[in-house]
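Everything on this sheet refers to the single structure shown next.
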Amino acid sequence: MNFFTKLPEPSNQAQRVYANLLRAMGNPPHPPVLRRLPRGSAQQGGSLVYRPGTPAHIDLSDDVLDLCRTFGPDADAALACLLGHELAHFQYRHGQKQGFFSPVVMPNGTAYSSENLEALADRSGVFLAYLAGYDAFTIAPAVYRKLYDTFRLPNQIPGYPSRSQRLQMVSDTTARVRELAHYFELGEIHYLLLDYAAAGQAFSTLIARYPTATILNNLGAIKLNQALTQMTSARDDPRLRFAFPVEFDADNRLLANPRRGEPVPYRPLLADARHLFSTALARQPNYQAATLNLALTFYLLNETEKAYQTLMSSRTASRPLSANALLLLAVIEADRSKPAEAQRLFRQAAAQGAFRATDNMRLYEESQKPGWQRYWNRLVASRQSTQTAGRPSPVDRLRPAPRLPLQPLPSGGRYARTDSLTLYELSIEENNKPRWYRVVKSNRLDLADLPIGSPRSRLSAYGPPSADVAGARGSRFCGYRRGNSRLFLEYRNEQLVSWLAVTPI
């Protein structure tokens, strides 16, 4: 085939899954161009291939899309697993040409053996699919087995592991990736429950095994949140009045009171966060989340001009500021005593759907009037009442957690995983005391009147959430509480993609 001829555009499914994978990578600069090969044009090893170059390409044939669709509701997860594998070859700069069944040309040495390169690509690809929101653990071995069967590949391809060796490699890899996913999920759970020390430990362990820009950014966000809970109350410092558009618990942070009479160690936390965000940007210069978080870190360190320059230097004609970056820029312009520009940017951010933009604009407007502290006290009281008022709550509709055989976690606690949910029993630090909770997480099971895929507008029946958290995967968690039981609903593109139920044991 002449690859300089115009190829048909990738399918909507392929484009959607590929965009989610790139976002989970932190939107790397100059990513491979996804090209579609017509059905029947691919030869052995050519159905799905990473081709380095300027630009690099990933060739995906319709035959592979057909294969993925045979997995029904798991079709996107199957495709994410395969595309994630090829993106891993791009991420780690592998070879001259690398496909699922084509040996790569690399220097001699065991580190560059086909087995090691494929194991690395398998592991990174399945975990990248997980970070993008696809559960590829259970189906990865079946996907690989079907590739062999569908394309009638021989058991032994010269210069490549045998079929049995490859399938065993995939099974071993998915077991390792499950452990990585545990650390990610544990970090997310502890984070949502405000146990930042445990959340930081989980992500620190994960970074030692998977030091990507996204994981570095998430650990930095945890440290930012820790610092904010220990800084001066927003009542006393209006610079801290905003619900910042990053991975923060926007309401519970404002309700938390810093410990009085003790040293306030927030500056070392901010220094750690600044280093993590800078490292993430060194690896992925286009990573918008890390840019946003680094600018906020400078703002919290009272280095407003550095915050301003960090945001403005990331803006290009082809890559304008995101809605959340516009919101933070509005906050910065307010601090630079430019009220007209701040108001304009607040309105622009709100029009583009930035996180809590309307609320933040109202906070800014009220802070310019006399009696700001009285307004703030009333606001805090109203937020506290949303957690205790006797209004309906989706927490009331939760069913009891299923009884499943549990296995020990390396970091403490126990877990069980099925094809539809993950169950944890964990000790959570709460008010300086440990307490055991049962946590159920699912992206498949429907809640009573909030099925997976339902719009966020359905939450209007329950009133405002007690917590509104910008999530680590470009999503948003809406949290509800009844006593010590909590429910976090994860929305992406205004649709419910998963939920997390927490009940005391």
Closer than 4.0 angstrom, basic N to acidic O: yes or no for [X] and [Y]?
X: R176; Y: E179; result: no
X: K369; Y: E365; result: no
X: K441; Y: E188; result: yes

* Go through the structure and list residues passing ring-ring contact (aromatic ring centres under 6.0 Å, His included) with Y308, not counting sequence neighbours. =>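 Per chain and number, Y308 pairs via ring-ring contact (aromatic ring centres under 6.0 Å, His included) with no residue.
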
* Only counting residues at least two apart or in another chain, list the ones meeting ring-ring contact (aromatic ring centres under 6.0 Å, His included) with Y415. =>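 Expected list: H182.
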
Distance from [X] atom [atom1] to [Y] atom [atom2], nearest 0.5 Å?
X: T503; Y: R486; atom1: OG1; atom2: CZ; result: 10.5 Å
X: L228; Y: Y266; atom1: CG; atom2: OH; result: 10.5 Å
X: L21; Y: L131; atom1: CG; atom2: CG; result: 9.5 Å

Identify the two heavy atoms, one from [X] and one from [Y], that lie closest to each other, and give their separation to 0.1 Å.
X: A136; Y: C81; result: CB-CB, 4.0 Å
X: L128; Y: G84; result: CD2-CA, 4.2 Å
X: A290; Y: A280; result: CB-CB, 4.1 Å
X: A357; Y: L327; result: CA-CD1, 4.1 Å
X: L345; Y: A330; result: CB-CB, 3.6 Å
X: A354; Y: A323; result: CB-O, 3.4 Å

Give a yes or no answer on whether the side chain of [X] reaches the backbone of [Y] with a donor-acceptor pair at less than 3.5 Å.
X: R397; Y: L447; value: no
X: S466; Y: G479; value: yes
X: N360; Y: F242; value: no
X: D446; Y: I452; value: yes
X: S124; Y: A121; value: no
X: T297; Y: L270; value: no
X: R481; Y: G483; value: yes

* Asked: Has R319 got more than 12 heavy atoms of other residues, nucleotides or ligands less than 6.0 Å from its CZ?
  ->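 Yes, CZ of R319 has more than 12 neighbouring heavy atoms, counting only those of other groups under 6.0 Å.
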
* To do: For R16, look at atom CZ and say whether over 12 heavy atoms of other residues, nucleotides or ligands are found less than 6.0 Å away.
  =>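 Yes.
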
* Evaluate the side chain to side chain contact (heavy atoms under 4.5 Å, CB included) criterion for residues L79 and F71: first the C-alpha distance (whole Å), next the side-chain angles of each, then the deciding distance (0.1 Å), finally the verdict. => CA-CA 10 Å; L79 181 58; F71 286 87; over 6 Å; no

* Run the ring-centre check on F184 versus F203 and record whether the distance is less than 6.0 Å. =>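 Judged by ring-centre distance (under 6.0 Å), F184 and F203 do meet the cut-off.
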
* To do: Dump the intermediate steps for salt bridge (Lys or Arg N to Asp or Glu O under 4.0 Å) on D74 and R444, then the final yes or no.
  => CA-CA 11 Å; D74 291 321; R444 289 176 176 262; 2.3 Å; yes

* Asked: Which residue pairs pass the salt bridge (charged side-chain N to carboxylate O under 4.0 Å, His left out) test with at least one member in residues 283-298, sequence neighbours excluded?
  ->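 Sorted pair list comes back empty.
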
* Residue pairs passing the salt bridge (charged side-chain N to carboxylate O under 4.0 Å, His left out) test where at least one lies in residues 406-420, sequence neighbours excluded ->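 Those involving residues 406-420 are E185-R417, R414-E425.
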
When you compare the side chain of [Y] with that of [X], does any pair of heavy atoms fall below 4.5 Å?
X: L363; Y: W376; answer: yes
X: F244; Y: L224; answer: no
X: Y424; Y: V502; answer: no
X: I332; Y: K338; answer: no
X: L450; Y: W499; answer: no
X: R458; Y: L496; answer: no
X: L22; Y: P28; answer: yes

* **side-chain contact (heavy atoms from CB on, under 4.5 Å) partners for E494, two or more places apart** =>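 So E494 forms a side-chain contact (heavy atoms from CB on, under 4.5 Å) with R456.
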
Distance alone, cut at 3.5 Å: any donor-acceptor contact between the side chains of [X] and [Y]?
X: R482; Y: S393; answer: no
X: N377; Y: Q373; answer: no
X: Y287; Y: N293; answer: no

* Criterion salt bridge (Lys or Arg N to Asp or Glu O under 4.0 Å) on D335 and R239, from CA distance to verdict -> CA-CA 7 Å; D335 198 49; R239 294 182 77 252; 3.0 Å; yes

* Going through the checks in order, is the side-chain hydrogen bond (donor to acceptor under 3.5 Å, both in side chains) test met by Y196 and N225? -> CA-CA 8 Å; Y196 301 124; N225 207 31; 2.4 Å; yes

* **Partner set under salt bridge (charged side-chain N to carboxylate O under 4.0 Å, His left out) for D272, not counting sequence neighbours** =>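 For D272, the residues satisfying salt bridge (charged side-chain N to carboxylate O under 4.0 Å, His left out) (neighbours in sequence not counted) are K223.
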
* **Name of the residue among T422, D195, L426 meeting side-chain contact (heavy atoms from CB on, under 4.5 Å) with I189** =>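 Output: one option passes, namely L426.
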
* Option among D468, L328, V469 that satisfies the side-chain contact (heavy atoms from CB on, under 4.5 Å) test with F355 ->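 Only one option passes, and that is D468.
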
